[in-house]
Each structure stands twice: as structure tokens, then as C-alpha cells.
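Have a look at the structure below before the remarks.
Numbered from 1 within each chain, the chains take letters A, B, ... in sequence-line order.
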Amino acid sequence: GENVEQHPSTLSVQEGDSAVIKCTYSDSASNYFPWYKQELGKGPQLIIDIRSNVGEKKDQRIAVTLNKTAKHFSLHITETQPEDSAVYFCAAEHRQAGTALIFGKGTTLSVSS
Amino acid sequence: DTGVSQDPRHKITKRGQNVTFRCDPISEHNRLYWYRQTLGQGPEFLTYFQNEAQLEKSRLLSDRFSAERPKGSFSTLEIQRTEQGDSAMYLCASSLVQEDTIYFGEGSWLTVV
């Protein structure tokens, strides 16, 4: 089955700096890779996703890149703000196979002003 | 707001008691998922339904756990003879079969004392 590794587990940056979180996956058949943001006491909220037929996707300050050959994908947050502080999770899924989303263990991002 | 709704949000129970959580998915979403999340970890897949059919169950779903979705709308997750190790947040999520995005609820916190 799918296994997702996420690094780093914690990340501290200054406001305005960039933050990068990296994930690797094991199942080459996985074709859908979302990123979720989770604030304390709340459920995960989707912030961006990428499908295997695309190498990069951007939405304002957030971008995700995917390298299918190496089986890794990354989240990039530019111009970080204190409200970006949260736990971020990557996940992988083989959508058409009807398999479930498998999550990494999360990265706690702290943005200090 | 017609997002994924979970009830109760918090439950404290004594070891050995049974507990039941309810999830109301987003209207017309035909897939419904249950995940468990412990502190410092990513969500772990438990089971999912497509309409009324339970299509996949994780090995984490022991015999004491049972999930139902009788009419293909709301779902219940019951834990019998609770143990302290069952203490966690139980997350429900839903999606449309033809779309990638999976939406999570705010979770139901379980504390077994």
C-alpha cells in the first residue's frame, strides 16, 4: 500500500520568508496529491492539490511541484504571514482505483513577526 | 454553511462504554470517509463508503469498530467496549466520485478515561 513521508516535522521562519515542505510517496500508481492545512482544534482544510499530469501549480502565495519520476512533491509558501502558522499535511491517492487518501505525519509551521 | 457536519464534537467516556459518532456529509456527496487522528500525527484512514456500500476498511478498524451508512446519506461510527487507546479525534470527510476534492469535517474528539 501507499506510504507517504513528510519533512521537516517542524519549520520556523520569519514573516516574509519562504517555507518549503517536502513529501515522498511509494506507490507509483498514485495520481492525486493534495495539501491540507490544519489549525488547532479544527479539521484539515484543502489549500492546494496537484494531479499527476501536471508538474507545477500555483495559487497566489502557494505553489506545489510534483516529480513523478522521483515520487516526490513539495509545497512552497512565499511571503509567509503569521496566519500561515498551522500544521500542514501532504497526502497521496490513486483516485480512479477508489483507494483512500494516505497522509504524511505533518509539518508544524511557525511564522514569527 | 453546508459543509461536513459531525456530532458530537467532544465526548468523554469511561473505559468499556460504547460510543457513537454521527457524520452528515455535504449534500449529494456519494463518498464518505472516516479517519482517526491522534496528537502529532496525520489522519489515518479507517473506512469509506460509496453510497451505502462500505468499499474499503483499514486494518486499524478492529472488531470493536463498526461504521454504517444505511441510506447513503449520513453515517455513524460506533466504538464498542472503548479502550484508552481509542482516545483520538475521529474525522469524517466526503467527496463526489467524479471529483478529486475531499472535504473534512471539524472532527469528533473522544477521550476515554
Using every non-hydrogen atom in the two residues, find where A/K42 and B/M89 come nearest and quote the distance to one decimal. O-CE, 4.0 Å
Tell me, out of A/G106, A/G43, A/G104, who's got the most heavy-atom pairs with chain B below 4.5 Å. A/G43
Sort B/Q37 into side chain, backbone, both or neither according to what part of it lies under 4.5 angstrom from a heavy atom of chain A. side chain
With a 4.5 Å cut-off on side-chain heavy atoms, are B/I102 and A/Y36 touching? yes
In terms of heavy-atom pairs under 4.5 Å with chain A, the winner among B/P43, B/S58, B/G42 is B/P43
At a 4.5 Å cut-off on heavy atoms, which part of A/Q38 comes close to chain B: side chain, backbone, both, or neither? side chain
For the residue pair A/E93 and B/Y33, what are the closest heavy atoms and their distance? OE2-OH, 4.3 Å
Examine A/V20 and A/L109 and state if one hydrophobic cluster contains both, with Ile, Leu, Val, Met, Phe, Trp and Tyr joined whenever side-chain heavy atoms are less than 4.5 Å apart. no
Do A/I77 and A/L66 sit in the same hydrophobic cluster, where Ile, Leu, Val, Met, Phe, Trp and Tyr count as joined when their side-chain heavy atoms come under 4.5 Å apart? yes
Tell me whether the count of non-hydrogen atoms from other residues, nucleotides or ligands lying under 6.0 Å of NZ in B/K57 goes above 12. no
Using the rule that Ile, Leu, Val, Met, Phe, Trp and Tyr join whenever any side-chain heavy atoms are under 4.5 Å apart, tell me whether B/F65 and B/L60 fall into a single cluster. yes
Under 4.5 Å between side-chain heavy atoms, counting indirect links through other Ile/Leu/Val/Met/Phe/Trp/Tyr residues: same cluster for B/F45 and B/L32 or not? no
Heavy-atom count around B/E68 CD within 6.0 Å, excluding the residue itself: above 12? no
I need the residue from A/L46, A/I102, A/T108, A/L101 with the largest number of non-hydrogen atom pairs under 4.5 Å to chain B. A/L101
So, do A/P44 and B/L91 sit near enough that their side-chain heavy atoms are less than 4.5 Å apart? yes
In terms of hydrophobic clustering (I, L, V, M, F, W, Y; side-chain heavy atoms under 4.5 Å; direct or indirect links), are A/L40 and B/L39 co-clustered? no
